[in-house]
Amino acid sequence: MTAARPDRPKMFQPKMPANWWLKHPKYFLFMLRELSSVFIAIFLVVFLIQIAQLLRGPAAYKAFVQTLRAPGWIIFHIVAFLFALYHSITWFEAASKILVIRRGEHRVPPQDVVAVGFTAWGVVSFVILVLVLLLRS
Amino acid sequence: MSEPTVTLHVTRYHPEHDSAPRRQSYSVPYRQDWVVLDALNYIKDQIDGTLTFRWSCRMGVCGSCGMMVNGVPRLTCAAFLREYYPHEIRVEPLTNFPIMRDLVIDMSDFMEKLRSVKPWIIRDEEKPLEEGEYLQTPAELEQYKQFSMCINCMLCYAACPVYGLEPEFVGPAAIALAQRYNLDSRDQGHKQRGPVIASHEGIWDCTFVGECSEVCPKSVDPAGAIQQAKVTTTNEWFKSLLLPWGKR
């Protein structure tokens, strides 16, 4: 916004209220998406510590896993998982705006790009699920 | 039977009399085929001649009549009363801009930003007129056509909270137009636009809220343009890092 200039009439400079993100559902969802990164970051730190406990031996690892079984940590992981899910959905939707794929003169419809992303996500998740189940049994 | 009416709550601001904008309500006839701009013109012609607002073409081409209608940036020539009737309608000047008077905002910041991205075809060297025009295939046209539909209505700036919070942000329309020329096969000004576009105030200020594309009356998708420019800029940076001897 330009500063007031003497050759110009007085103007009213509006200010954004601190709660601007509560005024529109889309802004609120945007803030949720931004907030999701905090939960994902905390989850990753916890996960890295968990891996570090593996190096310290089975006793240390077991003790750490036991700590994570506390209700507080379980609630945190559920919340972090929901945020990760929401973040991933917005990410695949965003991909359609960023990835411009052309077939001849025409752009591949963005909804096709989204569909491919979601399908790939589903397939990879399924493969990981099968692997985890096989390793556990 | 009396004619149905609709109430418009309109922002009024007189720089010499008011310290802050106030709201004035008007009751106007409700017509199925009227848009908010028709209602504003009715107020100006029949009720209160002092009401000030910008408009020109009345057909979504000139980009002059952008205002906040019930809190959403709209071209008032394309916002039908029937979308809101029988509810009351709030008409305010575009947010994030200084208010000059009533519904008129100061667009000089946008004009400066638009100029800063050099939205015109830049050639290293112009070829002589005798050699004819710069030809382009339909596929080359398709590369940038969407971004060339911008009518500079500034609805995207009003929808962008980043611009509201960080006024130095170059903003959606200006970057989309920079992208329009960068993608034009006839243009060679990519490097000249680089310092503005690839700066922090350029594409990297954008946090991808995405509302600019939602409110765009011409489906320009400025959010897409900015994210695509981020990808291009990042790729170029990696290329210059990995191939410092390559042609930049």
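We use all heavy atoms of the structure for the numbers below, so side chains are in, but hydrogens, waters and symmetry mates are not. Naming convention: chains lettered A, B, ... in sequence-line order (proteins, then strands); numbering from 1 in each chain.
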Tell me, side chain or backbone of [X] under 4.5 Å from chain A's heavy atoms, or both, or neither?
{"X": "B:Phe110", "value": "neither"}
{"X": "B:Gln146", "value": "side chain"}
{"X": "B:Glu142", "value": "both"}
{"X": "B:Val231", "value": "side chain"}
{"X": "B:Ala229", "value": "neither"}
{"X": "B:Thr137", "value": "neither"}

Tell me which of these, [options], has more heavy-atom pairs under 4.5 Å with chain A than the rest.
{"options": "B:Gln227, B:Gln143, B:Arg101", "value": "B:Gln143"}
{"options": "B:Ser19, B:Ala225, B:Ala159, B:Ala223", "value": "B:Ala159"}
{"options": "B:Pro138, B:Pro161, B:Ala139", "value": "B:Pro161"}

| In terms of the angle between their ring planes, are A:Tyr27 and A:His24 parallel, tilted or perpendicular, with boundaries placed at 30° and 60°? |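 Ring orientation, 0 to 90° scale: tilted.
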
| request: Could you label the plane-to-plane angle of the B:Tyr163 and B:Phe97 rings as parallel, tilted or perpendicular, counting under 30° as parallel and over 60° as perpendicular? | output: tilted

Side chains of [X] and [Y] only: does a donor on one sit below 3.5 Å from an acceptor on the other?
{"X": "B:Asn70", "Y": "B:Glu88", "result": "no"}
{"X": "B:Gln136", "Y": "B:Tyr144", "result": "yes"}
{"X": "B:Arg12", "Y": "B:Thr52", "result": "no"}

| query | Any ion pair linking B:Arg186 and B:Glu140 (charged N to carboxylate O, less than 4.0 Å)? | reply | no

| task | Output yes when B:Arg74 and B:Glu83 qualify as a salt bridge under the 4.0 Å nitrogen-oxygen rule, no when they do not. | result | yes

| query | Non-hydrogen atoms of chain B under 4.5 Å away: do they reach the side chain of A:Phe30, the backbone, both or neither? | reply |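 Answer is side chain: those atoms of A:Phe30 sit under 4.5 Å from chain B.
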
